[in-house]
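Below is one structure, written out as structure tokens; the observations come after it.
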Amino acid sequence: DAERLQALVREIGPLVDGIACINTLPAQIVDASGAQALPGEGRLSSGVCGRAIRWAGLEMVGRLKKLREEMGLRFAIVGVGGLSDVADFRAYRQTGADAAMTATAAMWNPRLAQQMKEACSE
């Protein structure tokens, strides 16, 4: 929530060089009948990543940027979550991320980091 994020940034903002956010969002993963979709016992709740959480990653970057400006802090913001292509990279940068990080998408596109770097020089 907004108050907890503000308190966190107030406490750690002057001490850190950067904040990376987000990685996954916890959710219940069910199939069409409402049963646990992921294999293995006790996996009803799992971390959701990829395109499905891009909105949350962008929202968090915007919130952190606003807090950084309001508090006069200098930490870098690393956008994470649902970054799958260069358009996503640009969206993170336009929202306020100083850098962006991807994990799963790089397995599907091993050139993604290179493409993002090239986009910085366009």
Tell me whether Met101 is reachable from Val61 by hopping between hydrophobic residues (I, L, V, M, F, W, Y) whose side-chain heavy atoms are closer than 4.5 Å. no
From Phe75 CZ over to Ile12 CD1, what is the distance, rounded to the nearest 0.5 angstrom? 7.5 Å
Within this structure, what is the NZ-CZ distance for the pair Lys117 and Arg111, rounded to the nearest 0.5 Å? 12.5 Å
So Leu8 and Glu11, do their side chains get closer than 4.5 Å, heavy atoms only? no
Between Val16 and Val80, is there a shared hydrophobic cluster once you connect ILVMFWY residues whose side-chain heavy atoms come closer than 4.5 Å? no
Closest heavy-atom contact between Ala91 and Arg54? CB-NH2, 3.1 Å
Could you walk me through whether Gln36 and Ile29 satisfy the side-chain contact (heavy atoms from CB on, under 4.5 Å) test, starting with their C-alpha distance in whole Å, then the side-chain angles of each, then the deciding distance to 0.1 Å, before giving a yes or no? CA-CA 6 Å; Gln36 175 181 311; Ile29 310 300; over 6 Å; no
Using a strict cut-off of less than 4.0 Å between a Lys/Arg side-chain nitrogen and an Asp/Glu carboxylate oxygen, indicate whether Arg51 and Asp85 qualify as a salt bridge. yes
Minimal non-hydrogen separation, Gly79 against Ala97, with atom names: N-CB, 3.9 Å
Using every non-hydrogen atom in the two residues, find where Asp31 and Ala37 come nearest and quote the distance to one decimal. N-CB, 3.8 Å
Using every non-hydrogen atom in the two residues, find where Ala76 and Asp98 come nearest and quote the distance to one decimal. CA-OD2, 3.3 Å
Is it the case that atom CD in Gln114 sees more than 12 heavy atoms from other parts of the structure closer than 6.0 Å? yes
In Å and rounded to the nearest 0.5 Å, what is the CZ to CZ distance from Arg63 to Arg68? 15.0 Å
So, the side chain of Ser121 versus the backbone of Glu118: is there a donor-acceptor pair under 3.5 Å, distance only? yes
Gap separating the CE atom of Met116 from the OH atom of Tyr92, nearest 0.5 angstrom: 11.0 Å
Let me see the working for Gln115 and Asn109 under side chain to side chain donor-acceptor pair (under 3.5 Å), right down to the final yes or no. CA-CA 10 Å; Gln115 293 166 351; Asn109 178 3; 2.9 Å; yes
Minimum heavy-atom distance between Gly82 and Asp88, given as atom pair plus value: O-OD2, 3.2 Å
Applying side-chain contact (heavy atoms from CB on, under 4.5 Å) to Cys120 and Phe89, what does each step give before you reach the verdict? CA-CA 10 Å; Cys120 287; Phe89 170 73; 3.4 Å; yes
What do the steps show when you test Gln6 against Leu67 for side-chain contact (heavy atoms from CB on, under 4.5 Å), and what is the final call? CA-CA 7 Å; Gln6 184 178 37; Leu67 289 170; 4.0 Å; yes
ILVMFWY cluster, Val78 and Ile53 together (side-chain gap under 4.5 Å): no
Which heavy atom in Ala100 sits nearest to a heavy atom in Leu83, and how many Å separate them? CB-CD1, 3.2 Å
Determine whether Val48 and Val30 fall in the same hydrophobic cluster, where Ile, Leu, Val, Met, Phe, Trp and Tyr are linked whenever their side-chain heavy atoms lie under 4.5 Å apart. no
How many angstroms lie between CG in Leu38 and CG in Leu44, if you round to the nearest 0.5 Å? 9.0 Å
Is the shortest heavy-atom distance from the side chain of Leu73 to the side chain of Pro14 under 4.5 Å? yes
Atom CE in Met60, atom CG in Leu64: separation rounded to 0.5 Å? 6.0 Å
